[in-house]
2 protein chains.
Amino acid sequence: MLWRIDAASDEPLYAQLVAQAHLAAARGQLAPGDRLPTARELADSLDLNVHTVLKAYQQLRDEGLIELRRGRGAVVTARAAADLSPVEQALAVLVRVAREANLSTETLTVLVKEAMSR
Amino acid sequence: MLWRIDAASDEPLYAQLVAQAHLAAARGQLAPGDRLPTARELADSLDLNVHTVLKAYQQLRDEGLIELRRGRGAVVTARAAADLSPVEQALAVLVRVAREANLSTETLTVLVKEAMSR
DNA sequence: CTACTTGTTCTAGTTGACATAGAACAAGTA
DNA sequence: TACTTGTTCTATGTCAACTAGAACAAGTAG
């Protein structure tokens with residue numbers, strides 16, 4: 001899969017990695033059993049710190065997308081096959097109506113987090 | 001309107017204020033022509049710094065919800081009547097499908113910001 | 001068994017956004 | 001004119017994110 005990181009974004013680097021992995025899995029670019037690059041490899045190629053990548057991997061593990069084993073690296077789990085297309089569709093709708101209401105990205109983010117915490 | 005601020009939230013205080021004002025306007029608790037408390041007043045009652053409140057007010061002005069005038073304070077604009085119910089509905093859908101896909105709030109936030117930036 | 005790989009854990013330092021604090025100022029109100 | 005209130009400026013403290021380096025543990029591969 002292709003990793004695209006925006007260092008200028010206000011979104012944490014590790015969170016960007018997590019989101020990208022989810023999208024890749026949803027698009028079939030990551031199949032169950034596939035291996036992600038080792039943390040040290042990915043950190044090298046993206047010019048990030050190993051710890052940043054590891055934080056992303058650990059969150060991906062918490063979310064059930066990968067398994068982590070010492071000496072072996074990160075392996076995509078069976079559960080990773082989850083279909084994200086409903087999410088992308090819901091996202092598109094949300095963005096459209098939010099724009100119509102003149103909501104800033106920041107404001108919308110607060111609303112999303114609030115809605116998720118309920 | 002009632003202001004509810006969560007100091008423990010990872011969401012910036014000013015952003016919480018902005019989101020709350022939008023919700024209040026959408027729910028009719030803020031009608032065009034209404035005045036918000038002055039920045040100094042609101043800062044006092046919420047135990048925040050004036051600058052924090054002013055930052056929220058300035059963003060609300062940028063988003064077209066209020067007008068700011070020295071000596072007078074913050075007045076809700078006509079545009080504030082925008083209906084947020086489509087947004088709340090879209091939010092509910094998004095949260096449901098995101099939960100089904102096991103996405104964390106953090107991950108979903110990245111996806112939202114990415115979608116808004118396109 | 002041995003050598004190597006790779007995630008885990010620890011400490012430490014830097015940076016930038018957020019929030020606080022205080023002050024002077026400008027533009028409007030009464 | 002006196003007062004209110006947003007605007008702008010400087011300064012400071014705090015915290016998460018990121019970087020950095022090291023030692024360690026558990027697995028892989030020969």
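Throughout, a chain's letter reflects where its sequence line sits, starting with A, and its residues are numbered from 1.
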Tell me the interatomic distance from [X], atom [atom1], to [N], atom [atom2], rounded to whole angstroms.
{"X": "B:Asp44", "N": "D:dT5", "atom1": "CG", "atom2": "P", "result": "12 Å"}
{"X": "A:Arg72", "N": "C:dT8", "atom1": "CZ", "atom2": "C1'", "result": "16 Å"}
{"X": "A:Glu67", "N": "C:dT8", "atom1": "CD", "atom2": "P", "result": "12 Å"}
{"X": "A:Gln59", "N": "D:dA16", "atom1": "CD", "atom2": "P", "result": "16 Å"}
{"X": "A:Ile5", "N": "D:dA17", "atom1": "CD1", "atom2": "P", "result": "15 Å"}
{"X": "A:Leu46", "N": "D:dA17", "atom1": "CG", "atom2": "P", "result": "19 Å"}
{"X": "B:Gln16", "N": "C:dA17", "atom1": "CD", "atom2": "P", "result": "19 Å"}
{"X": "A:Asn49", "N": "C:dA12", "atom1": "CG", "atom2": "P", "result": "17 Å"}

Looking only at side-chain atoms of [X], point me to the closest of [options].
{"X": "B:Thr38", "options": "C:dT8, C:dC18, D:dG6", "result": "D:dG6"}
{"X": "A:Arg40", "options": "D:dA17, D:dA23, D:dT7", "result": "D:dA23"}
{"X": "B:Leu48", "options": "C:dG7, D:dT19, C:dT20", "result": "C:dT20"}
{"X": "B:His51", "options": "C:dT20, D:dA20, D:dG6", "result": "C:dT20"}

Sort out the partner of D:dG13 for me: Watson-Crick or G-U wobble, both distances under 3.5 Å, none otherwise.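 In the structure as shown, D:dG13 has C:dC18 as its Watson-Crick or wobble partner.
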In Watson-Crick or G-U wobble terms, both distances under 3.5 Å, what is the partner of C:dG28?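 C:dG28 is paired, partner D:dC3.
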Taking the nucleotide of DNA chain C with the closest heavy atom to each, which residue, B:Arg69 or B:Tyr14, is nearer the 5' end? B:Tyr14
Phosphate-side-chain proximity, [X] and [N], N/O vs OP1/OP2 below 4.0 Å:
{"X": "A:Gln58", "N": "C:dT8", "answer": "yes"}
{"X": "B:Thr52", "N": "C:dC18", "answer": "no"}
{"X": "A:Lys55", "N": "D:dA17", "answer": "yes"}

Spacing of A:Leu68 atom CG and A:Tyr57 atom OH [to the nearest 0.5 Å]: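 If I round to the nearest 0.5 Å, the distance is 8.5 Å.
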Would you classify A:Arg61 as touching base, sugar-phosphate or nothing, given that sugar-phosphate means primed atoms plus P, OP1 and OP2, and contacts are heavy atoms under 4.0 Å? sugar-phosphate
Within the 4.0 Å heavy-atom criterion, would you say B:Leu68 contacts the bases, only the backbone, or no part of the nucleic acid? sugar-phosphate
Of the non-hydrogen atoms in B:Leu108 and A:Val112, which two are nearest, and what is the gap between them? CD2-CG1, 4.0 Å
Distance-only side-chain donor-acceptor flag, A:Thr107 / B:Glu63, under 3.5 Å: yes
How about A:Thr77 and A:Glu67: does a side-chain donor come under 3.5 Å of a side-chain acceptor?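 No, because no side-chain N or O of A:Thr77 sits under 3.5 Å from a partner of the opposite role on A:Glu67.
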Any link between A:Met116 and B:Leu111 through a network of hydrophobic side chains (Ile, Leu, Val, Met, Phe, Trp, Tyr) touching at under 4.5 Å?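 As far as the 4.5 Å side-chain criterion goes, B:Leu111 and A:Met116 are connected within one cluster.
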Determine, using the 4.5 Å side-chain heavy-atom cutoff (strictly less than), whether B:Trp3 and B:Val76 are members of one ILVMFWY cluster.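 Linked, B:Trp3 and B:Val76 end up in one cluster.
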Can you work out whether A:Arg70 or A:Glu11 has the more 5'-proximal nearest nucleotide on DNA chain D? A:Glu11
